[in-house]
J.: 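Just passing along the structure, written as structure tokens.
Reckoned from all heavy atoms, side chains included, excluding hydrogens, waters and symmetry mates. Computed from a predicted model, the values in this text were never measured in an experiment.
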Amino acid sequence: MKLQKLDHFGIEVRDLKRSERFYTEVLGLSIVAHLGDQILMDCGGQNLALFQVARPELTAAERTAVIAHPLGKGHHAFRVSHEDFTSAAQRLRDAGVETAKPIDWGDHDCMYFLDLDANLLEIVSYR
């Protein structure tokens with residue numbers, strides 16, 4: 001077997017409507033389809049599915065622990081322009097999103113953050 005390409009990836013969320021607003025209004029994704037307990041979104045030609053699941057909310061201390069040391073943890077990374085990267089920290093802070101400090105890797109910059117359900121996400125901008 002040889003995988004051809006990624007068809008979609010899924011992120012588990014507790015409140016579908018709340019997460020839909022976050023992913024569209026804060027992160028700028030668009031809706032492809034509402035499918036019962038999931039929403040399919042377009043992310044640069046790639047499909048992202050939000051799946052509503054019952055799961056416990058992390059405590060503030062648990063959320064802080066995730067964002068304090070994000071390297072080496074499972075996450076989803078999204079590429080953005082340099083302009084969007086430079087304004088992202090403020091945009092995310094204005095939305096009440098917890099972020100880690102940006103990291104300069106020499107040829108690219110990245111910043112980790114948590115969505116409303118403490119899913120670890122990353123934005124990346126290549127120079």
Side-chain angles (χ1 to χ4, degrees):
M1 173 173 53
K2 181 180 179 197
L3 301 180
Q4 295 177 339
K5 71 177 202 173
L6 186 64
D7 181 74
H8 69 278
F9 64 99
I11 295 178
E12 295 180 348
V13 300
R14 293 182 310 114
D15 183 324
L16 209 50
K17 271 294 189 206
R18 180 178 77 142
S19 293
E20 177 181 349
R21 284 190 305 276
F22 176 79
Y23 280 85
T24 57
E25 295 173 12
V26 178
L27 301 184
L29 301 184
S30 59
I31 305 295
V32 173
H34 288 91
L35 305 167
D37 63 352
Q38 66 177 287
I39 298 174
L40 195 60
M41 309 184 99
D42 177 68
C43 178
Q46 174 67 56
N47 288 324
L48 178 157
L50 298 178
F51 294 99
Q52 184 162 321
V53 299
R55 68 183 211 189
E57 187 171 356
L58 294 183
T59 66
E62 290 170 324
R63 291 178 71 92
T64 298
V66 170
I67 201 65
H69 303 286
L71 296 178
K73 293 181 178 156
H75 64 281
H76 300 286
F78 303 95
R79 187 177 292 189
V80 298
S81 69
H82 177 72
E83 294 77 23
D84 282 342
F85 187 86
T86 57
S87 64
Q90 186 61 49
R91 179 176 179 83
L92 292 169
R93 273 193 301 275
D94 290 347
V97 175
E98 297 129 308
T99 64
K101 292 180 181 177
I103 301 170
D104 179 342
W105 291 103
D107 66 336
H108 68 283
D109 297 294
C110 72
M111 182 173 51
Y112 291 89
F113 62 99
L114 299 178
D115 76 357
L116 303 172
D117 294 289
N119 292 300
L120 186 59
L121 306 175
E122 175 188 12
I123 55 170
V124 178
S125 177
Y126 289 89
R127 297 188 195 126

J.: What distance separates C110 SG from Y126 OH, expressed to the nearest 0.5 Å?
T.: 9.0 Å
J.: Between atom CG of L6 and atom NE2 of H8, what is the distance when rounded to the nearest 0.5 Å?
T.: 8.0 Å
J.: Flag yes if I67 and L71 sit in one hydrophobic cluster, no otherwise; membership is Ile, Leu, Val, Met, Phe, Trp, Tyr, and two members link when side-chain heavy atoms are under 4.5 Å apart.
T.: yes
J.: Between CZ of F22 and CG of D15, what distance do you get to the nearest 0.5 Å?
T.: 13.5 Å
J.: Within the 4.5 Å heavy-atom criterion, are L116 and V13 side-chain neighbours or not?
T.: no
J.: Transitively linked via ILVMFWY side-chain contacts under 4.5 Å: I11 with L92?
T.: yes
J.: Mind checking side-chain hydrogen bond (donor to acceptor under 3.5 Å, both in side chains) for R18 and listing every partner two or more places apart, or none if nothing turns up?
T.: D117
J.: Decide side-chain contact (heavy atoms from CB on, under 4.5 Å) for V66 and L114; before the verdict, give the C-alpha distance in whole Å, the side-chain angles of both, and the deciding distance to 0.1 Å.
T.: CA-CA 8 Å; V66 170; L114 299 178; 3.6 Å; yes
J.: Between A65 and K73, what is the shortest heavy-atom contact and its length?
T.: O-NZ, 3.4 Å
J.: Quick one: are R55 and E12 in side-chain contact, heavy atoms under 4.5 Å?
T.: yes
J.: Within the structure provided, determine whether Q90 and D94 are in side-chain contact (heavy-atom separation under 4.5 Å).
T.: yes
J.: Between H76 and G10, which heavy-atom pair has the shortest distance, and what is it?
T.: NE2-O, 4.0 Å
J.: Are Q52 and R14 side-chain neighbours, meaning at least one heavy-atom pair lies under 4.5 Å?
T.: no
J.: Report yes if the side chains of E98 and F113 come closer than 4.5 Å at any heavy-atom pair, otherwise no.
T.: no
J.: If you round to the nearest 0.5 Å, how far is CD of E83 from OG of S125?
T.: 8.0 Å
J.: Determine whether L29 and V32 fall in the same hydrophobic cluster, where Ile, Leu, Val, Met, Phe, Trp and Tyr are linked whenever their side-chain heavy atoms lie under 4.5 Å apart.
T.: no
J.: Please say yes or no: joined through hydrophobic side-chain contacts below 4.5 Å, possibly via intermediate residues, are L120 and I123 part of one cluster?
T.: no
J.: Side-chain contact, heavy-atom cut-off 4.5 Å: Q38 with L16?
T.: no
J.: With a 4.5 Å cut-off on side-chain heavy atoms, are V124 and E122 touching?
T.: yes
J.: Apply side-chain contact (heavy atoms from CB on, under 4.5 Å) to residues E20 and E25 and explain how you reach the verdict.
T.: CA-CA 8 Å; E20 177 181 349; E25 295 173 12; over 6 Å; no
J.: Is it true that R91 and D84 make a salt bridge, defined as a side-chain N closer than 4.0 Å to a carboxylate O?
T.: no
J.: Just wondering, do T86 and V80 contact through their side chains at under 4.5 Å, heavy atoms?
T.: no
J.: Report the distance from atom CZ of R127 to atom CZ of F85, rounding to the nearest 0.5 Å.
T.: 8.5 Å
J.: Quick check: are there more than 12 heavy atoms from other residues, nucleotides or ligands sitting under 6.0 Å from CZ of R79?
T.: no
J.: Do D115 and Y23 have a side chain donor and acceptor closer than 3.5 Å?
T.: yes
J.: Does H82, at its NE2 atom, have more than 12 non-hydrogen atoms belonging to other residues, nucleotides or ligands within less than 6.0 Å?
T.: no
J.: Only one of T99, L121, I103 forms a side-chain contact (heavy atoms from CB on, under 4.5 Å) with Y112, so which one is it?
T.: I103
J.: Are F9 and L50 linked, directly or through intermediate hydrophobic residues, by side-chain heavy-atom contacts shorter than 4.5 Å (ILVMFWY only)?
T.: yes
